[in-house]
S.K.: 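This is the structure I have questions about; it appears just below.
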Number of protein chains: 2
Amino acid sequence: MDDVDRILAQWQVARPDLDVWAMGPLGRLGRVSSALARRMEQTFARHGLNAAGFDVLATLRRTPPHALTAGELMAAMMITSGTVTNRIDQLAKAGLVERQGDETDGRRVVIRLTDEGQALIERAIVDHVATQTELLAGLDAEELAGLDAALRKLMAGLETGA
Amino acid sequence: MDDVDRILAQWQVARPDLDVWAMGPLGRLGRVSSALARRMEQTFARHGLNAAGFDVLATLRRTPPHALTAGELMAAMMITSGTVTNRIDQLAKAGLVERQGDETDGRRVVIRLTDEGQALIERAIVDHVATQTELLAGLDAEELAGLDAALRKLMAGLETGA
DNA sequence: TGGATATATCTTGATGTCAAGATAATGATG
DNA sequence: CATCATTATCTTGACATCAAGATATATCCA
């Protein structure tokens, strides 16, 4: 009997005509997701980053050729162009990335890690991976497989706009 | 091979020294959670609400005695006092809730649904439950059980600050 | 060549949230 | 009864985000 179960029990009393079973998994999913995000933010904070900044640096680091346009970052991070601009501005001000204009196409500007940004993400990703591993440490192999299988199926169903 | 698998494959090339397996379930969890939230927002929008407003109305509706203080709403919704104030202001302006001062304790103000707010949440909750049910319709009983079991365990481990 | 269209990025204004502190009423203590 | 601490709510300032539109450059084709 957790918080979500209590909410379901309240609905059972308040609106017995409704079958609110789906609220259980979905409520837990949302709560777990926020709690996990908050935990990961703490790791980023130890490196002077927030999740947004980490996301940019990690995307640049893992994606060949380690230099992406704002549009590519936008697609990779699934955010709007305005948010990309803002994130890059912040990181550029901190000296972690730099904008580099393309000589043959004046519209094109590639974003690349500075040496400092590269050094930071190399350290931060190690810490982040350790945090993530620990966050899932409480689940055994079977539970993990069950979780991932369901999430894969949900993700597949959602991204097609179904 | 979904988007998250591709990210893992990129890390495998970029940093073969790291074991990033945990990024799979956690990445999918975050993406699924945002996608589901966006889908539910659409339901709320059909009733002129956003998730924040729905949350307040639904909390008031399901919780006896259907009138809570700002502090109680704050605890139930796990948000800060400033956010509670803002949400109530919005809903009060829309005529869906009202503040009612306590006569014996000047600090205490209870928030209650207006008739209009009550009527709205009765309709919206039906629609919301239908949306939630549909969002999970792609999972069979076994998948659902596996998902919920893992989420319960994660939630239990997280809320104790572990 | 010139003008319409497409592409890429940035700007603006609004929103929802939080952290920290301000305000106000009550209760406890000497 | 005066003061201090407690409780409850609201205010302020900052931030990340988005949607919509502005700006700038490039490409197509008549």
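Below, chains carry the letters A, B, ... as their sequence lines are ordered, and counting in each starts from 1.
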S.K.: So which of residues 80-89 of chain A are in contact with DNA chain C, with a heavy-atom cut-off of under 4.0 Å?
M.R.: A:Ser81, A:Gly82, A:Thr85
S.K.: Roughly, in whole Å, what's the span from CZ in B:Phe44 to C1' in C:dG16?
M.R.: 15 Å
S.K.: With heavy atoms under 4.0 Å as the rule, sort A:Arg99 into base, sugar-phosphate or nothing.
M.R.: sugar-phosphate
S.K.: Measure the distance from CZ on B:Arg38 to P on C:dG16 and round it to the nearest whole Å.
M.R.: 17 Å
S.K.: Rounded to whole angstroms, how far apart are CD on B:Glu41 and P on D:dA19?
M.R.: 11 Å
S.K.: Please report the interatomic distance CG(B:Leu154) to CG(A:Leu135), rounded to the nearest 0.5 Å.
M.R.: 8.5 Å
S.K.: Return the residues of residues 64-73 of chain B meeting this criterion: a heavy atom under 4.0 Å from some atom of DNA chain C. Order them by number, or give none.
M.R.: none
S.K.: Counting only heavy atoms not in B:Glu41, do more than 12 fall under 6.0 Å of its CD?
M.R.: yes
S.K.: Is there a path of hydrophobic side-chain contacts, each under 4.5 Å between heavy atoms of I/L/V/M/F/W/Y residues, joining A:Val126 to A:Leu96?
M.R.: yes
S.K.: In whole angstrom, what separates B:Phe54's CZ from C:dG16's P?
M.R.: 16 Å
S.K.: Say you draw a straight line from CG of B:Leu26 to CD of A:Gln132; how long is it, rounded to the nearest 0.5 Å?
M.R.: 5.0 Å
S.K.: Is A:Leu8 close to B:Arg62 at the side-chain level, that is, under 4.5 Å between some pair of heavy atoms?
M.R.: no
S.K.: Rounded to whole angstroms, how far apart are CG on A:Leu91 and C1' on D:dA16?
M.R.: 13 Å
S.K.: How are the rings of B:Phe54 and B:Phe44 set relative to one another: parallel (under 30°), tilted (30 to 60°) or perpendicular (over 60°)?
M.R.: parallel
S.K.: Could you check how far NZ of A:Lys93 sits from P of C:dC10, rounded to whole Å?
M.R.: 14 Å
S.K.: Rounded to the nearest Å, what distance is computed from the CE atom of residue A:Met77 to the P atom of nucleotide D:dA16?
M.R.: 13 Å
S.K.: Atom CG in B:Leu136, atom NZ in A:Lys153: separation rounded to 0.5 Å?
M.R.: 12.0 Å
S.K.: May I ask you to evaluate whether B:Asn50 reaches the phosphate of C:dT15, defined as a side-chain N or O under 4.0 Å from OP1 or OP2?
M.R.: no
S.K.: Is there a side chain to side chain contact (heavy atoms under 4.5 Å, CB included) between A:Arg112 and A:Arg99 once you walk through the steps?
M.R.: CA-CA 7 Å; A:Arg112 66 172 62 258; A:Arg99 288 183 168 93; over 6 Å; no
S.K.: Roughly, in whole Å, what's the span from CG in A:Leu49 to C1' in D:dC15?
M.R.: 16 Å
S.K.: Run through B:Leu29, B:Leu36, B:Val32 and flag the one making a side chain to side chain contact (heavy atoms under 4.5 Å, CB included) with A:Met155.
M.R.: B:Val32
